Protein chains: 2
Amino acid sequence: MQSFTEENYLKVIYHLAEKTNNVQTNAIAEQIQTKPASVTDMIKKLAEKELVDYIKYQGVTLTDKGRHAAVDIVRKHRLWEVFLVDKLNFKWDEVHDVAEELEHIKSVNLIERLDEFLGFPKSDPHGDPIPDKNGRFTKTQFIKLIELKIGDSGTITGVSQHSSAFLKHLEKLGLTLGKQIKISDVTDFDGSVEILIEEKQINISREVAKHILISNNGKN
Amino acid sequence: MQSFTEENYLKVIYHLAEKTNNVQTNAIAEQIQTKPASVTDMIKKLAEKELVDYIKYQGVTLTDKGRHAAVDIVRKHRLWEVFLVDKLNFKWDEVHDVAEELEHIKSVNLIERLDEFLGFPKSDPHGDPIPDKNGRFTKTQFIKLIELKIGDSGTITGVSQHSSAFLKHLEKLGLTLGKQIKISDVTDFDGSVEILIEEKQINISREVAKHILISNNGKN
DNA sequence: AAAATTTTTTAGATTTACCTAAAAATAAAA
DNA sequence: TTTTATTTTTAGGTAAATCTAAAAAATTTT
């Protein structure tokens, strides 16, 4: 059984490992909002417990055991997010911090019944997949909106940024999950993207376009 | 803002204060499952924060601030219990430990929306009253079943023991909240009580009878 | 390949919530 | 009212997770 803190480290390492193979001390420190020295201490502890493989100065990778524990926390986090949005009417930009706390409640029974109560959802309010109780899930094939060309179309199925500010912005623009979009133009000047959504033309910055994930896209 | 541990101390002191005015160090230690020396340490910290009034060797009492914080935790605990039973189909004997964790989630918003989602319940699965968001609640007028005389009747509206073993036992006997009972006999030998419930005669031990709370009772 | 920079680790402290053992205060019994 | 027992506190220590400052390793730049 892991402590609250250990669980947070595992989760952060898991997410960072989606980008790079060996996860660096500094990257973890930044995510956990702590100092690199503290991370080194904790890494040693996790290595001791065989949750990560660790070679000094080389960063860490999760062991099977560690990954399993991490996926379990991700599952809880995402199920709680669904609960908050579907049942308690939270907005998608309001759920993260609360789910961050709820994910550490330890009760297998609780999470299985919650899953059932929610109708075994496959994805959370941000489009991220929810692992089943065996830790299995299929990651949907995404492409970043920024990578689409003029004339391409598709469906908004995810976001790669969960900050409240970003999500509120999308909400205001009507760029929510499930919406159909089509690229009508890309501005030379600032790389901003002109898109057609529900018969309306809107312009979004490059920065925003980078973090919107599209599936079902039809090439022009 | 209080720590997880501080919250537990406040809650325990609050419950112990329902019986005695000045709550003793040893009593707290027993509840928290810790040593009296540790309790003294924590008491000093709580006194420092003006959550309790403390005179050395004289035990503690909650300040208004401390009581407010404690009632808030009790409110959360009981609301989560309702959630677990009403929505996730937990049995009344399964909810305590999980609610013990959930009660420490810090989000005013969460608890207000949960309250609404549950339909602003007035009592939890064990019949205990749920404080409203201002900490107000009315304690129902209870009498212990053991105190009833032959011929007296009433409705089961609460229990004064929350152990899983006790609650499971009641469940098996059909002694659940809302049930109408009538005392048909009291055994001289062991003080056990014969009661009439749903046209059936059953015998319950003195120990059990002590922890069943009856309201609406009609004297013979 | 040496110098400079960045990243990571070590060493030694701090804080929180605990502990044990012994001393001090209070309460109960003789 | 002493003596005895119980309760509570103090003193000093431990483990978990953090910190700062400085040393060591790795990487990048020149």
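Order of the sequence lines sets the chain letters (A, B, ...), proteins ahead of strands, with each chain counted from 1. Everything numeric here is computed off the predicted structure, so don't read it as measured data. Just so it is clear, the values below take in all heavy atoms, side chains as well, and ignore hydrogens, waters and symmetry mates.
With dT9(D), dT9(C), dT18(D) as the choices, the nucleotide that has an atom nearest any side-chain atom of Y57(A) turns out to be dT9(C). Nearest to the side-chain atoms of Q58(A) among the listed nucleotides dT20(D), dT26(C), dA26(D) stands dA26(D). Of the candidates dC19(D), dT26(C), dC18(C), dC19(D) carries the atom nearest the D41(A) side chain, counting heavy atoms from C-beta on.
Evaluated for a ring-ring contact (aromatic ring centres under 6.0 Å, His included) with H77(B), the options H15(B), H96(B), H126(B) yield exactly one hit, H96(B). For the side-chain hydrogen bond (donor to acceptor under 3.5 Å, both in side chains) test with W92(A), the passing option among E171(A), E81(A), H162(A) is E171(A); the others fail.
Atom pair I28(A):CD1 and dT7(C):C1' shows a separation of 13 Å (rounding to whole Å applied). Atoms CD1 (I43(B)) and P (dT10(D)) sit 11 Å apart, rounded to a whole Å. Remark: C1' of dA26(D) and CG of N22(A) are 14 Å apart, rounded to the nearest angstrom. The distance from atom CE of M42(A) to atom P of dT18(D) is 5 Å, rounded to the nearest whole Å. With rounding to whole Å, Q2(B) atom CD is found 14 Å from dT16(C) atom P. In this structure, CG of N8(B) is placed 17 Å from P of dT16(C), rounded to the nearest angstrom. Across the protein-nucleic acid pair, F4(A) atom CZ and dT18(D) atom P stand 10 Å apart, rounded to whole Å.
Distances shorter than 4.0 Å separate some side-chain N or O of N26(B) from OP1 or OP2 on dT8(D). Close to dA16(D), at under 4.0 Å from its OP1 or OP2, lies no side-chain N or O of S3(A). Contact annotation: T40(B) side-chain N/O to dT10(D) OP1/OP2 distance is not under 4.0 Å. When the side-chain nitrogen and oxygen atoms of K44(A) are compared with OP1 and OP2 of dT10(C), one or more of them lie within a distance under 4.0 Å. Contact annotation: Y54(B) does not reach the phosphate of dT8(D) (side-chain N/O to OP1 or OP2, under 4.0 Å). Between Q24(B) and dT8(D) there is a side-chain N or O to OP1 or OP2 distance below 4.0 Å. Remark: S38(A) is not in phosphate contact with dT18(D), judged by side-chain N or O atoms under 4.0 Å from OP1 or OP2. Contact check, K56(A) against dA24(D): no side-chain N or O comes under 4.0 Å of OP1 or OP2. Distances shown here put a side-chain N or O of Y9(B) below 4.0 Å from the OP1 or OP2 atom of dC18(C).
Using a 4.0 Å cut-off between charged side-chain N and carboxylate O, E103(A) and R75(A) make no salt bridge. Using a 4.0 Å cut-off between charged nitrogen and carboxylate oxygen, E6(A) and K11(A) do not count as a salt-bridge pair. Checked for salt-bridge contact, R67(B) and D64(B) meet the test: a charged N lies under 4.0 Å from a carboxylate O.
T5(B) comes within contact range of the sugar-phosphate backbone alone, with a heavy-atom separation under 4.0 Å but no base atom that close.
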